Structures are given as structure tokens and as C-alpha cells.
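The structure appears right after this line, and notes come after that.
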Amino acid sequence: MTIQPVGASRRDFIRASASAAGLVLACSLAPKAVADALSPATATGLNAYVKIAPDGVVTIFAKNPEIGQGVRTSLPMLIAEELDVAWENVRVEQAANDPAVFGRQFAGGSTAIPMNWQEMRRVGAVARAMLIEAAARTWNCPAGECSTTPGEVVHAASGRTLAYGPLAAQCASTTPPDPASVPLKDPKDYRIVGKPKAQYDTPKIVTGQPLFGIDIRRPGMLFATFAKAPVFGAKVAKADLAAARAVKGVRAAFVVDGGEELTGLLPGVAVVATSWWAARQGREALNIQWASHPTSAQGSAGFAARAAELAGGPPQKTLRNDGDAASAMQGAAKTVEAAYAYPFLAHAPMEPMNCTAEYKDGRMEVWAPTQAPEGCRQLIAKTLGLAPEQVIVHMIRAGGGFGRRGMVDYAVEAAWIAREAKAPVMLLWSREDDFRHDFYRVGGFHYLKGGLDAAGKLVAWQDHHVGYGAGGKPVIAGAIAPAEFPAGFVANCRLDSSLMDLGVPVGYWRAPGANAHAFVIQSFIDELAHAAGQDPVAFRLALLGDAKIVGEGREAYNAERARGVLKTVAGMSAWGKTSLPPRTGMGVAFHYSHQGYFAEVVRARVEPSGRVRPEKVWVAADVGSLIVNPSGALNQVQGAVIDGLSAALFQAITIEGGAVKQANFNTYPLLRMADAPQVEVKFLSTDYPPTGLGEPALPPAAPALGGAIFAATGVRIRQLPVDPGLLRA
Amino acid sequence: MAFKLSVNGKALSADVDPKMPLLWVLRDELGVLGPKFGCGIAQCGACTVHLDGHPARACVTPVSAVGAAKITTIEGIGASPAGKALQAAWAELDVAQCGYCQAGQIMSAAALLQKTPKPTDADIEAAMNGNLCRCATYNRIRAAIKRASGQPVEA
Ligand code: FES
Ligand code: FES
């Protein structure tokens, strides 16, 4: 197995410092020298990954924000493994936001494992080598004669051992070895990695100890709400500030002018009070009138009408044109045509947006549940006219992210309000604020045509994607890649794109792009299989062909891995071998995204009312050679699959009069326990470096569900969310 | 108005508007941070507490409606055998993802087990359907309730 470092220009830096507290070790991938940042003066442990106290307790710093993906556990596990310590003796602390020391620190794109898999192990291995070196000096023997068992260095020949704790203090005079040269363990010797570990914060979670952004408390802290216009970016025309100030507990009410950038500080009215409830009462008294805004006429119905218009005309752009799709379509024995659509979606993490900010002596300190701590620091600095060095962002465990907390609008609001209110302030959004001011998963439309030859082979594929954007540039996650499957697998393949204007903030929603395109592409492939009179699994396998890799470079698609998961899931689910009751069906789909290959089968029952009940899901996953934490991994996959079903069955954000209609879970339902199917997961072990799991399990869920509904009822779901009205018995 | 409240066996008092929901009295006035805010309209269950052992959504319970009822939150539920067993099962099965909903989940599950020591799947669904988990840890929540009630757990 070979692993390439993420950027050729990057170098590893390891520095050690020691104090009475023991060994402090930092390893950084930042291109800038880290000597200053890691001078012994920082031996408090911040800015470093590993600290070993004289009593042997090991503290490992978790570099990335925890949003429920388990990274506060999995990255420290990698360090602990190579350091060779017992997991039970490890304490995890959140690292400071300091990219100069820790490299990129963020949560997104299922990147934590692929970007850190090699480096975190090296951090542990370097620390272990230094401890061995210190022991060898004590024993006056060659380091090569020493080894370790968890927590101690061993000299096998003489039967002597030395515990890490006392040794650590002696590492001050040890020069860290070159991280690239330290040997890493053979995975078969792993004691921690690859073994299921409960999340590090579990004891606090189950006993309700403060952990989340909403639990931050500062001396003298006040609570704030911030009312923004339902039409994104509209200014405050009038607000009754005096009425808000008259509410008991309210300390301040003021207008924030804000700017026009939807990702930044927008206009609104802040109310600050001694409790959040009092702040809300104050807000209700404001009676705000909003100025008119150019986007107040936009709406979902208008978007759909415009999409149909664009689909009827020539495409604005052709993204890919292999062979001659038009002629191949004409020569085809059979053609199938369909229009697909999917809505805007909200993230709705369980913990509403919040951030606590304190401005003191020209320094802004914020406690932010964020996926992008550095982006948060930069935006606050820019908006408040501070230098980035004047802004400190503490990464706080977030009650869910799903991409929402990659945007940091709420943090800049908190900072602004705290400075204005001259007190530490927690800004907490209501759930209604959260639904109405999200960065939505963008909706979209696909107009598809497929051609089959007489043998039922797919010979032509045409897709006109109508999305949103301006000046030929799609909005965030609004593009379709020219290499998107089945490009490269069909001789005549044409992908067109047209864009329309959008004044709605959109962003990254779990498995961006893939979460929508997989539904469309895999559902349409199902239609073609049906038209060809072939089994949906067999048709897909035939489409994937025999090649190992299709396409080149970044566009390379590993067809062998796709076939691997597809065959596995067919076996797991006894595909084609199960007789099912009436109005119950099974559907299959696969998708490659975020470096992971996933195939899923859904079994669903459709009630006479049209209500769909997913009963069981089988998942075959290929994310490489090894699963770092099997417990967390299984949880992520089960969650992502149910998340995908939840969105497909129930969820849509509708825009009317420029504003979002849905406001809470009663109008934007999440799947509940009674509808949650059992999700059975198998991880294949393949000869590729381990990759991430936050996202790639989600995309196949919706199309597999669609296939199951079709098998149960004969009705093809071409629009999300599923409309039970189409499925009545 | 002054209210005397019994929270996890401790006598506390709060001088607040009678309409103030118990959730905000607990969190912002008394510093009891276990119950969480998720929706404010009794849709998600993140704020679930017990009033005399019965599950209640603290976000829609005005403090004036609590009366003399004993309030139990996630911080205190471990004192009951069911609560303790649930917390242990939750930890053993590593139920949480983000963890934000889990205080409410455990409180609803504890109310269930106190009434129905060996719940069936249908009992579990009925008792837990008011608690949303955005991370969708439902498979493990179900398994942990079974484990805590001494029933076999499906893989
Ligand atoms: S916050 Fe009370 S039910 Fe959601
Ligand atoms: S664990 Fe995140 S909402 Fe339930």
C-alpha cells in the first residue's frame, strides 16, 4: 500500500519541548517553520499534539472540530496507536485554532482521515522514537535494542522496562527524528486502530455535562437574538426598539446595518437580555418592518417554470460530448426520456446556530461550534475591522454540522453584537431563524434521455442539467462534473448545463452535489434497466464493464471498486432471491463520492395510503484498507443512510415571495424512530488508503429507495421529496 | 414571581415571569444545562425532563405549571436504576454522534423503562417517536434501550 502526501510542497516539522509537565510534541504540515510557535514557552500543551505527564497520563490534542463525525476520537486514536499507549490512559483535549502549527483545521468533505491518516500516525511514532531514545540513553544501550509495550519502553535482552511518564521529561534534550524516516506499525499489530472505541466524550454526553456551544457560560454573560429579514438581505425600515427595551430583562436593542454579502453580516435587529427567553420576548415587541428587496419576487414555482423553459431551448453550455449522442439516440432500438427534480434542503442540525463572544482590551474571543474555525476568525476580523491576530476562536463541539457550520454568519453576528453590547454575549438562533437563514442544499432539474440497442445495452446518454448560477458560474454545490458517472462508460454521452439566477443563500449539505446527482442518475439508470428488461443489478454491472479504471487523473473512476460494492450488497440482501409481499419492493443504487464507493439496497413497503415505510437497508462500503474506528464508522454510515431517506421522503424548502416557507420541524419533518429501518453495513477491505465516512454513504440511499418504490408500486419517483399521493393503492 | 423548584433532589428557587418556559429557567437562571433547546415547540424532544417521573417537554412547560412536581433532568437521572442502566448501555453501544439529542433520548427512554421494564419494539417506537435525532442514531438508540432492559440486541 502506498500513500502519497497531500501536497508535494509540504514538509513535516517536528519539534519537541519539555518541561516539568513532561514531553510536548508537535508535528505540523504547515509550510511555515513552526519553531516559534512551539518554543518551550508553549509547553502548556496548546499548539502540540502529545503531552505525557510524569504519572503516565497521556494528553492528545484533537486538531479538527468535532461535529458528530467522531474526529475527536479517531484522530487521537491514530496518534495513540503509534505512540503505543493504552487508550484508557489517553485524555483528549481540543487543540487551539492555529493553522501555523496544526495545518488545515476544519470539518468537511470527509477529509479528516485521508488528510491526516499518515501524519497523525507519524506524530505518534516520532514521540515513541524519542521515548525509546531517552530510555536507551538511560540504559546506555543502542536504541535498536529497545522496543515498547503500551506505556513503557522495554529492553527485552535484559528484561528492563521504563515507564513513559518519567521518561518523558528526559526528552527535552532529544532531537526528534525525521518523521518520514520513523517506521510505522504493521496494521496487523494494531491495538487501537481498527478496534471499536466509544467516542471520547461519551461519559459527558450520557450524563448531560456541558459540552456544546449552547452550554458555554462566561461571567456576566448576556443572551441575544438577532432578527433578520425573511427576504435574504433586506434592510430594516422600522423597528420599535423602545418596546423591546421595555421588556423585563432586556438590556439592549439595536439595529445592525450589516452588508449585502449573504455569507456575512446581514442587516437585522439585535436584542440582548439576561435570559434568552427575555431576549425573545423583546424581539417579539420589535414589530419590524423590512425594506423592499430585489429578490422578493423569487420563488420555487418560478424556478420550476424557468427550468422548463430553459430545458426547451438550446443549452447554455455543453460540459461533455463523447461520440454523437443525438445520432446514437436516433439509431437506438429503444429510448427513454424523463425529467427529474429535487428541492432545496435545510441542514437543521439539532443544535441551533449559536456562538458566544467576548470583546475585551481590543481582543475578540469567540466560542464557536464551527466547521471552519480559521474562516470564522478571518470573517470576524474583516467585518469588525480587527487584525486576525486580535481574534481568537475556540473550537467547541457542535450539535451537528452537515455542512451548515462551514458558514460562519452566526459567529460574526455574535461578535458584532457582543462588541456593541459591551458584554460577553451568547447569540442563539431560534429554530425558525435556523430554517429561514440557512445555506440551503441547492435544488435543481435534470432532463434526461437514454438510448438502448437491441440487446439492451446503454449506447447513448444525454443529460441537460438546469441549475442556478450567474455568468456561467454555478452556485455552491450547484455544478455537475463532466466526469460524473456514467460518463466514460457510455460511448455516446452528452452533458449540457443551463443556469438561472438565484438570490437564495446556498451551501454545502452533506455530500454536496452527489446528494442530488446520485438520485437522478441512479434512478434513471433504473428506468433504463427496466426498459431493457434487465435486472437492475445485472444492468448496472454490465454498464460498469470489465475495466479496472475508467478515465484519468482526478477523473479516474475505479470501476472495479464499484463492482465490488455492488456485488457485495447484492449478496448481502439476497437480491433477486427474495419473494416479497405485495406492495413491498427492493431497490438498488451505487455511487462514488468523497473517495468512497458505496452500494445500497433498500427494502420498502408502501402502505395503501401511499405512505412509504423503509424496512431495511443493506450497505456495502469501500473506503480502503482499514476502518480507523469501526464503531464510529458504522454509526456514520447508518446515520447517513437514514439522513438520505429522511430527505427523500419528507423534506423540501420552498421559496415564496423571496422567503423560506418552512420554519420548524412541524413543516420540515425529520424521519423519526418508527420510520427508521435497520441498516446493515459491510466494509470491504481493499488495497487503497483509508478515506472518510461522513458523506459518501448518503447519496445512494434516495435512488435505492426510489427503486424499491418502483418495484413495489410500478410508480417511478422522479421528483423529491416522495409524494405519497402518487402511491395510493 | 418567585418559584420554588425541586431539581434533581435539590431545592432551588427562581424569580421569573410565570410564563417563562421551564427550559429557560433551568438553563439560563439555574445553570442546569443538560436539557437542550432544539425547536421550542415540542417537536424534537431535546429538552425532555421528568416531572414526577413523567416525561415533559420543558420548552413548552411554563414554570408556573410545574407546581410541586419534582423535576429530574439528565444530570439526575443516573440516580434511578433505569437511568443508570440506560446511561451504561448508551456508553457501551456508543450511541451518540453529535450527542446533542441524547440527553432528551435518555430521558424519554428512562420514562419508558420506569413504566414498561421490558418494552417491545412497538413500545419503544411509541415512547421515542417524539425525540428527533438529526444524526439518525435510531438503530443504536433502539439497541441501547433493549440492552438496558436486559433484552437481546440485534446486531
Ligand atoms: S426544544 Fe422542546 S421539544 Fe424541541
Ligand atoms: S446524536 Fe446528533 S442529533 Fe442525535
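In this text the structure is predicted, and so the values were computed from the model without any measurement.
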Heavy-atom distance under 4.5 Å to chain A: side chain of [X], backbone, both or neither?
| X | answer |
| --- | --- |
| Ile106(B) | side chain |
| Asp121(B) | neither |
| Glu75(B) | both |

Does the side chain of [Y] come within less than 4.5 Å of [X]'s, by heavy atoms?
| X | Y | result |
| --- | --- | --- |
| Pro677(A) | Tyr138(B) | no |
| Trp24(B) | Arg280(A) | no |
| Val16(B) | Trp277(A) | no |
| Ile41(B) | Arg431(A) | no |
| Arg140(B) | Asn635(A) | yes |
| Gln199(A) | Asp94(B) | yes |

Would you please classify the geometry between the Phe212(A) ring and the Tyr100(B) ring as parallel, tilted or perpendicular, with 30° and 60° separating the classes? perpendicular
Region of [X] that comes under 4.5 Å of a non-hydrogen atom in chain B:
| X | result |
| --- | --- |
| Ile67(A) | backbone |
| Ala674(A) | both |
| Phe435(A) | neither |
| Gln636(A) | both |

What residue, out of [options], has the most heavy-atom pairs lying under 4.5 Å from chain A?
| options | answer |
| --- | --- |
| Gly40(B), Ala91(B), Ala103(B), Cys133(B) | Ala91(B) |
| Lys19(B), Gln43(B), Gln105(B), Glu29(B) | Gln43(B) |
| Cys101(B), Pro21(B), Gly34(B), Gly78(B) | Pro21(B) |
| Met20(B), Met128(B), Gln102(B) | Met20(B) |
| Asn139(B), Leu33(B), Ile74(B), Leu23(B) | Asn139(B) |

Choice from [options] maximising heavy atom contacts with chain B below 4.5 Å:
| options | answer |
| --- | --- |
| Ala348(A), Pro210(A), Ser430(A), Gly70(A) | Ala348(A) |
| Arg510(A), Glu351(A), Lys204(A) | Glu351(A) |
| Ile642(A), Ile214(A), Asn666(A), Asp643(A) | Ile214(A) |
| Glu680(A), Lys248(A), Glu432(A), Arg397(A) | Arg397(A) |
| Val641(A), Asp434(A), Ile205(A), Asp675(A) | Ile205(A) |

Atom [atom1] in [X], atom [atom2] in [Y]: separation rounded to 0.5 Å?
| X | Y | atom1 | atom2 | value |
| --- | --- | --- | --- | --- |
| Ser275(A) | Arg27(B) | OG | CZ | 12.0 Å |
| Glu66(A) | Cys98(B) | CD | SG | 9.0 Å |
| Cys135(B) | Met350(A) | SG | CE | 9.0 Å |
| Leu132(B) | Leu671(A) | CG | CG | 9.5 Å |
| Asp28(B) | Leu428(A) | CG | CG | 8.5 Å |

Select all residues of residues 46-62 of chain B having any heavy atom within less than 4.5 Å of some heavy atom of chain A, and report them by number, or 'none'. none
Does Asp215(A) come within less than 4.0 Å of Lys36(B), counting only side-chain N to carboxylate O? yes
Strictly distance-based, threshold 3.5 Å: is any side-chain N or O of Arg672(A) a donor or acceptor partner for the main-chain N or O of Asn129(B)? yes
